[in-house]
Structures are given as C-alpha cells and as structure tokens.
There are 2 protein chains.
Amino acid sequence: MNNPISIRDIARAADVSHTTVSRALRDSPLISLEVRTQLQQLAREMGYTPNAVAQSLKARQTHTIGLIVTTIADPFVGRVVRGIEAAAQDAGFGLLLSVSNNDPEQEIAAMEIFHRRRVDGLIIAAARLSAAQADRASRITIPTVLINPQAETPYEHFHTLAVNDYSGAQMATRYLLALGHRAIGYIGAGNRPGSNRARLSGYRDALRAAGVAPQDAWVRIAPADHRYHSDDVSDGQALLPDVLAADVSAIFCYNDMLAVGVTLACRERGITIPEQLSIMGFDDIELAAYVTPALSTIHQPKLRLGQMAMEMLLRLLKNESVENTVLPTELVVRESTVQRAICGT
Amino acid sequence: MNNPISIRDIARAADVSHTTVSRALRDSPLISLEVRTQLQQLAREMGYTPNAVAQSLKARQTHTIGLIVTTIADPFVGRVVRGIEAAAQDAGFGLLLSVSNNDPEQEIAAMEIFHRRRVDGLIIAAARLSAAQADRASRITIPTVLINPQAETPYEHFHTLAVNDYSGAQMATRYLLALGHRAIGYIGAGNRPGSNRARLSGYRDALRAAGVAPQDAWVRIAPADHRYHSDDVSDGQALLPDVLAADVSAIFCYNDMLAVGVTLACRERGITIPEQLSIMGFDDIELAAYVTPALSTIHQPKLRLGQMAMEMLLRLLKNESVENTVLPTELVVRESTVQRAICGT
DNA sequence: TTGATTTATGCACACGTGAACATTGTACCC
DNA sequence: GGGTACAATGTTCACGTGTGCATAAATCAA
C-alpha cells in the first residue's frame with residue numbers, strides 16, 4: 001500500500017503507546033484534552049491517513065456494499081445506480097461495482113467475489129440467478145436486495161424491490177385500447193424472463209378485459225441469449241415485420257430501446273408514427289423524450305428504485321424489519337401514440 | 001462480517017496448525033499432497049471463504065481500484081466505465097465507484113476516502129481538481145490515471161489519457177466548411193473547461209485556416225455551474241436563439257446532448273434540420289444514431305478509453321513505464337448536416 | 001552408527017487498529 | 001496515614017492471513 005504512516009509511527013514520534021494515539025484520534029474522553037489535540041496535530045503533520053482495511057478487519061465490517069448490474073452502459077441501469085450511489089454515500093458506504101452481462105454464471109461468480117471481500121450487503125439489479133445457482137447462492141448469507149429480479153422462481157431468503165410490471169403493462173395496453181386500437185402487438189425481451197412474463201400477462205389480461213382475444217401472431221419475443229443492451233434496438237428492428245404482418249395498428253414494446261428499434265425500422269419502411277402505427281415503450285429512459293416522435297411510455301421510478309434498494313439494505317444491516325416492495329408505474333403520453341380513428345378503421 | 005469460518009477453524013477441525021491450512025489452500029508444495037487435498041476438501045465442506053480483507057492487510061494491497069466519475073447516469077460515462085470494468089475484471093481487480101457531480105470538492109473528498117480504503121490505483125474521468133485542491137491532492141500518492149482531465153493547469157505527477165478534442169473540433173468544423181457553410185456557430189459547455197477550451201480552439205483555428213474570421217456572436221457557452229448531465233439538453237435549448245440571431249447556417253455543439261437540446265429547440269421553432277440548419281455533435285453516444293435526424297458527430301472511442309485507462313494503471317502498478325496518451329477521433333456523418341448550397345446562398 | 005540432507009509441520013510474528021484489562025499516579029475522605 | 005475513587009496511560013490480545021525460522025522425522029551417504 002501507499003502511506004506507511006501508522007498510529008504506531010505517530011506513537012513512536014510522540015513517545016506514547018499506540019493505544020493512546022488511537023484513542024486521541026477518535027477523540028476518546030479517556031485521553032486528556034491536551035494530549036489529544038497535540039496528537040491530532042502531530043497526525044496531521046505526519047500526513048496520517050487511517051487504514052480502513054485494518055479497521056474493517058478489526059470491526060468485522062467493511063462499510064461497503066456490492067452492486068451487481070447486467071451492464072453499466074444501459075441508461076436504465078445508469079439511473080438506478082445513481083440512486084444507489086447517492087444513498088450509499090449519504091450513509092457512508094462504499095460501492096463495489098460488478099457486471100454480470102446478464103449471465104447467471106457471471107452473476108453468481110460476482111457474488112462469490114464480493115463474499116470474499118466481505119461486503120456488508122449486496123444489491124443485484126435484474127438478478128438472473130435461479131435453481132442452477134441455488135446451492136452456491138445459499139452459501140452466501142450476506143444481506144441482499146434484488147431489484148426487479150428476473151428468475152421465474154424467486155428465492156425466499158432474498159429481499160426484493162420491483163416495479164409493478166404487470167400493472168404497468170395493463171396501463172399501457174388500456175391506454176392503447178382507449179385510443180380505439182384493437183389489434184395491438186407486443187414485442188418482448190426473452191432475456192428478462194421475469195419482467196417480460198409479467199408485462200406479457202398484463203398486456204393479455206388488459207386485452208381480455210376489453211373483450212379482445214389475444215392473438216399469438218401479435219406477439220414476438222426476442223431471443224433469450226441476446227445478452228447486451230444494444231441488442232434491444234436491433235431486436236426491435238428485426239421483430240417489427242413479423243408483428244406488422246399480423247396487421248396490428250399499435251405495438252406495445254417491452255422497453256424503450258426495443259421501441260426505438262421499432263421506430264427505426266418503421267422509418268426505413270416508410271411507415272409513419274403515429275399516423276400509421278402507434279408505439280408504446282416501457283421504462284421512460286431519458287432517450288424516450290428525445291427521439292422523434294417522442295415516445296409514449298410507462299415511467300419507472302428509476303432513481304427512487306435505487307434509493308429504496310439502498311434504504312432497504314441499510315435497514316437489513318440494522319436488523320430492522322424489511323418488507324418486499326413493489327413500486328407503481330406511471331403512464332407518460334408523448335407523440336408516438338394516437339387515436340385509432342385518425343387512420344380510419 | 002458474515003462467515004465466521006477461518007483457517008484456524010479448519011486447523012482445529014483437522015488438528016493441524018493454521019499455517020498448514022494456509023499453505024494447503026494455496027497449494028504450497030511444502031505440504032504433502034495427501035494432507036493438501038484432504039484440507040482442501042475439508043475447507044470446501046465447511047464452507048470456507050477466504051477473507052480478502054485480512055489478505056489485503058497482510059499483503060498491503062487491496063486489488064481494488066477507485067473510480068471517480070462526474071455522474072454515472074451519463075451515457076458517455078457509462079461506456080467508459082464499461083471499458084474500465086471489463087479490463088479490471090480481466091486483471092482480477094475490483095472497482096470501487098464514486099461520483100463527484102462535477103464538483104472539485106466532492107472529487108478530492110472521494111480521493112481521500114479511496115486513500116483511506118487503500119485502493120491500489122485511481123482512475124478519474126473528467127477530473128476537475130485544480131490549484132484549490134493542490135495541497136490535499138499532493139498528499140495522495142496513489143498511482144492515478146486521469147481520463148479527459150478538465151483542469152486548465154494539468155498536474156504533472158498524474159498520468160493522463162485523453163481524446164484529441166482540438167483535432168476533433170477541427171475535423172467537425174472543416175467538414176461543415178467543406179459543405180459550404182461559412183457562418184458556423186459553436187455552443188459550448190462551461191462546466192468542462194478543459195475540453196471546451198480545446199474544442200473551441202480547434203473550431204476557431206479551422207475557421208481561420210479556411211479564411212473565415214471567427215465571430216464572438218457565433219459562440220455561446222453554457223454556465224459553468226450547471227453540474228448535471230441533464231443540464232446539457234436544456235442548455236442547448238436555451239442557447240440556440242442567441243446563436244441563431246447571429247445568422248449562422250450550421251452549429252457545432254460541444255457534445256451530442258447539447259446538440260439534442262438544439263434539435264428540440266429547432267423543432268419547437270419550426271426550423272428544419274438539416275435543410276435550414278446543420279447540426280454537429282461530439283462524442284457519438286448511442287443516442288446520436290437514434291434521434292431524428294440522426295446526428296452527425298465526432299466519435300470518441302469510449303470503450304477503448306476506459307480499457308486503455310485501466311491498462312495504463314496496471315502498467316503503473318507493475319512499475320512499468322507509462323506514456324500519457326491522446327486518442328484520435330473520427331468523423332461520423334449522419335443526417336443532421338447537409339450542403340450549404342441546398343438552402344440557397 | 002553418525003552426521004548431513006530432505007521433507008513435513010509447527011511456532012511466532014507481522015500487517016494496522018481497537019478494546020478489555022492492568023498499571024500508575026493523584027486527589028480525596030475519614 | 002491508609003484506603004478509596006478516579007483519571008490517564010500502557011500492556012496485551014484479537015481480527016484472519018501469510019511467512020521466516022525452528023523443529024521433528026525420515027532418508028541417505030559414508
């Protein structure tokens with residue numbers, strides 16, 4: 001390491017025991033005020049910086065939380081991490097970052113590494129771990145909060161914080177129905193099985209509730225092995241033709257990036273949005289407001305999601321009770337959706 | 001901490017000394033093969049996980065690097081961090097993340113916290129620290145790489161990696177000149193003084209080289225106290241009228257987000273891009289390809305920037321020689337720029 | 001058999017800090 | 001003056017790991 005100056009060095013220089021220095025620097029009333037200020041002064045002069053590693057070893061806690069995300073380059077993830085980081089900093093916790101590339105194996109590997117580093121807590125966004133990692137995961141007994149977990153079978157002993165995918169999808173679909181659309185497509189993301197399933201259900205149930213029978217031809221799901229964020233756009237482009245072939249007048253997309261892909265594909269094919277086709281996204285990333293036409297979407301409280309995850313974790317660390325939480329979404333109407341009537345029935 | 005099982009526990013269970021266990025787990029040839037495998041087996045059964053904190057204390061290195069960025073929600077930063085993260089993971093290093101909000105005070109505070117935590121190295125993106133933090137910074141002797149440093153007076157004892165702002169700006173301006181534009185505006189970002197100045201110089205020099213006298217009325221710089229990424233868009237919107245008033249036919253923006261703001265403002269005012277006004281950005285963030293019209297811009301190798309920063313740092317840690325580096329940019333032509341001739345002279 | 005060499009393991013200490021307990025000195029009370 | 005209370009500081013140990021040195025057993029050479 002870098003700074004070799006320890007409390008022992010200071011003790012030697014001041015001809016006292018290292019304990020006295022330790023106490024003086026922590027402003028312990030056990031040390032006389034005179035000696036205390038004197039030692040603090042000396043420490044400053046000598047350029048002493050406490051060794052947090054040693055403190056962690058002694059105190060058996062690192063004041064660090066491990067954060068695992070699928071990728072850091074995703075704008076959605078970026079906002080969530082910002083919320084986490086702010087809350088962590090306020091609480092005096094450091095943030096150890098790792099990336100899973102949406103791969104359960106890399107995810108559990110990151111958990112194990114964080115375990116070795118003795119992080120006090122763990123936050124995993126879009127957790128993928130499932131039965132295949134059950135045994136390895138069960139060895140890791142670190143307080144953990146999962147944000148928008150994606151496993152089909154959730155783990156009981158983790159705490160979760162999620163956005164209400166189901167009701168968000170219902171909201172989007174109802175809105176399109178209210179605009180007069182009947183044949184409404186859905187383009188999903190197979191690599192987020194949990195949310196995708198919930199959104200698909202919300203979509204289908206909303207259709208049924210409106211007396212519209214869901215058609216399989218209206219639905220396309222991007223391959224589950226597409227791991228990267230950037231795949232969303234190309235998947236949207238690739239899947240549009242299939243859904244269009246089913247003669248839909250509106251498409252609800254799993255997220256905004258897919259919707260952007262759809263928008264680009266429409267432009268190539270000369271399809272005007274929203275006149276010929278209405279598009280809805282999900283997430284409400286910053287980008288949604290900047291594309292043309294600005295994207296109607298379902299807002300996820302991303303900053304809040306991160307902040308709450310950290311707050312839940314802090315409560316866990318204090319052994320306070322923690323409830324799994326589901327946050328509501330909001331409908332955001334912009335320019336990519338329009339009355340069905342306008343394009344003629 | 002969590003897992004109370006130490007090598008001493010294993011030693012007790014196997015009735016050997018903890019030294020033997022330590023050696024066995026590290027596959028030391030000093031321990032007989034039989035005992036070695038036996039102890040490794042036992043460790044696995046007992047669910048032993050090495051304590052990296054203790055190892056760090058002993059080894060006097062943490063295998064951790066501290067990363068300070070202005071904000072994590074910025075798409076440019078996201079890509080750079082992704083490059084850093086990947087390289088760090090490959091090298092077996094952890095990544096401790098902190099955010100400065102583009103505030104020199106928060107930046108130096110983060111450095112000090114990382115110093116306490118004894119990170120092996122430090123990467124700072126868009127570093128703002130300047131003379132005001134000189135004394136505090138000089139106490140921190142951790143190997144450090146600055147990415148795109150923003151201080152007007154660079155520090156000698158830090159290593160830097162930057163993109164060639166000056167030549168990138170020249171490239172952009174020359175391209176607009178080549179399209180026939182003469183009155184070319186510049187909208188800058190006062191909160192990144194370093195790059196902004198370099199890009200402004202490149203822009204002005206390119207104009208002069210083409211025989212065009214730079215006009216102050218063509219240039220507007222967003223306030224330096226705007227700290228957040230999201231301010232870029234609104235700054236672009238706010239500054240457009242001033243530059244338009246100077247009767248320019250093209251605008252070169254400090255970055256893509258400002259260009260997006262300009263684009264939005266143009267739409268509100270009924271100005272069509274690129275027919276009535278050509279727009280160039282800088283950075284080539286993902287968004288640039290998705291807006292309408294797709295943004296012509298200067299490409300920064302963001303992933304490579306992060307990756308190289310980490311590689312430079314690793315070389316520093318191995319006491320190998322490291323050269324400060326400047327990476328080239330590339331011109332990316334999309335749809336927001338067009339021949340001046342088209343709109344008639 | 002004896003001494004030298006090799007093999008396998010234990011002991012003691014160090015990393016830097018913090019805390020329980022021990023020690024010294026001082027003032028106070030009866 | 002002797003005991004007690006308290007203030008200020010030192011001693012020792014612990015956190016979990018790794019390493020230099022010592023030790024013990026075993027092998028080998030002569």
Side-chain angles (χ1 to χ4, degrees), chain A residues 1-40 42-43 46-64 113-120 142, chain B residues 1-40 42-43 46-64 113-120 142:
Chain A
M1 293 187 215
N2 219 307
N3 197 333
I5 298 170
S6 71
I7 53 172
R8 287 203 136 89
D9 297 322
I10 300 174
R12 216 167 297 136
D15 198 30
V16 295
S17 79
H18 79 276
T19 310
T20 303
V21 178
S22 171
R23 291 192 178 115
L25 295 182
R26 316 190 98 233
D27 251 336
S28 160
L30 287 176
I31 305 298
S32 70
L33 188 61
E34 186 193 9
V35 177
R36 224 188 299 167
T37 52
Q38 187 180 323
L39 286 177
Q40 288 171 355
L42 181 59
M46 294 178 69
Y48 170 72
T49 303
N51 186 326
V53 177
Q55 290 175 326
S56 293
L57 179 62
K58 175 72 179 161
R60 309 174 123 237
Q61 59 172 323
T62 53
H63 281 283
T64 305
I113 289 176
F114 284 158
H115 181 31
R116 292 178 62 135
R117 290 183 173 255
R118 298 295 191 267
V119 297
D120 295 334
I142 303 172
Chain B
M1 294 186 214
N2 220 309
N3 197 335
I5 297 170
S6 71
I7 53 172
R8 287 204 134 88
D9 297 322
I10 300 174
R12 217 167 296 135
D15 199 30
V16 295
S17 79
H18 80 277
T19 309
T20 304
V21 178
S22 172
R23 292 198 177 112
L25 296 182
R26 315 191 97 233
D27 251 335
S28 162
L30 287 176
I31 304 299
S32 70
L33 189 61
E34 185 193 11
V35 177
R36 224 189 297 168
T37 52
Q38 186 180 324
L39 286 176
Q40 288 171 355
L42 181 59
M46 294 178 69
Y48 170 73
T49 303
N51 187 327
V53 176
Q55 290 175 326
S56 294
L57 179 61
K58 177 69 180 165
R60 305 173 127 242
Q61 60 171 321
T62 54
H63 280 281
T64 304
I113 288 176
F114 284 156
H115 181 31
R116 292 178 62 135
R117 290 184 173 256
R118 297 295 192 267
V119 296
D120 295 334
I142 303 172

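Letters go in sequence order (proteins before strands), and every chain restarts at 1.
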To the side chain of [X], which of [options] is closest?
{"X": "Arg8(B)", "options": "dG16(D), dA12(C), dG16(C)", "value": "dG16(D)"}
{"X": "Arg60(B)", "options": "dG16(C), dA19(C), dG10(D)", "value": "dG16(C)"}
{"X": "Ser32(B)", "options": "dT9(C), dG18(C), dT9(D)", "value": "dT9(C)"}
{"X": "Thr19(A)", "options": "dT17(D), dG10(D), dT11(D)", "value": "dT11(D)"}
{"X": "Lys58(B)", "options": "dA20(C), dC21(D), dA14(C)", "value": "dA14(C)"}
{"X": "Leu57(B)", "options": "dT11(D), dG18(D), dC15(C)", "value": "dC15(C)"}

Notebook entry, point to check: Are side-chain N/O atoms of Thr19(A) and Ser22(A) paired as donor and acceptor at under 3.5 Å?
Noted result: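 Result is no, nothing qualifies.
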Notebook entry, point to check: Which distance, rounded to the nearest 0.5 Å, do you find between the NE2 of His115(B) and the OG1 of Thr49(A)?
Noted result: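 Between His115(B) NE2 and Thr49(A) OG1, I get 3.5 Å after rounding to 0.5 Å.
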Gap between atoms [atom1] and [atom2], on [X] and [N] respectively (whole Å):
{"X": "Arg26(B)", "N": "dA8(C)", "atom1": "CZ", "atom2": "P", "value": "19 Å"}
{"X": "Ile31(B)", "N": "dT6(C)", "atom1": "CD1", "atom2": "P", "value": "18 Å"}
{"X": "Arg12(B)", "N": "dT17(D)", "atom1": "CZ", "atom2": "P", "value": "12 Å"}
{"X": "Arg117(A)", "N": "dG16(D)", "atom1": "CZ", "atom2": "P", "value": "18 Å"}
{"X": "Ile7(A)", "N": "dA14(C)", "atom1": "CD1", "atom2": "C1'", "value": "15 Å"}
{"X": "Asp27(B)", "N": "dA8(C)", "atom1": "CG", "atom2": "P", "value": "14 Å"}
{"X": "Leu30(A)", "N": "dT24(C)", "atom1": "CG", "atom2": "P", "value": "19 Å"}

Looking at [X], I'd like to know whether one of its side-chain N or O atoms comes within less than 4.0 Å of OP1 or OP2 on [N].
{"X": "Gln55(A)", "N": "dG16(C)", "answer": "no"}
{"X": "Ser22(A)", "N": "dA19(C)", "answer": "no"}
{"X": "Ser17(A)", "N": "dT11(D)", "answer": "no"}
{"X": "Ser6(B)", "N": "dG16(D)", "answer": "no"}
{"X": "Arg36(B)", "N": "dA8(C)", "answer": "no"}

Item checked: Residue mapping more 5' on DNA chain D - nearest nucleotide basis, Thr20(A) or Pro50(B) ->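 Whichever sits nearer the 5' end wins; that is Thr20(A).
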Next item on the list: Can you check whether any acceptor in the base of dG16(D) is under 3.5 Å from a donor in the side chain of His18(B), or vice versa?
Entry: no
Item checked: Check: Arg23(B) side chain, dG20(D) base, donor-acceptor under 3.5 Å ->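 Counting by modelled atom types and ignoring angles, a donor-acceptor contact under 3.5 Å is found here.
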Item checked: Leu25(A) to Ile7(A) - nearest heavy-atom pair and separation ->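 Residues Leu25(A) and Ile7(A), closest heavy atoms: CD1-CG2, 4.0 Å.
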Check: Quick check: does any side chain N or O of Arg60(A) sit under 3.5 Å from a backbone N or O of Leu57(A), one acting as donor and the other as acceptor?
Finding: no
Note to self: I'd like to know if the side chain of Arg36(A) and the backbone of Ile31(A) have a donor-acceptor N/O pair within less than 3.5 Å.
What the structure shows: yes
Item checked: Whichever of Asp15(B) and Ala54(B) has its nearest DNA chain C nucleotide further upstream toward 5' -> Asp15(B)
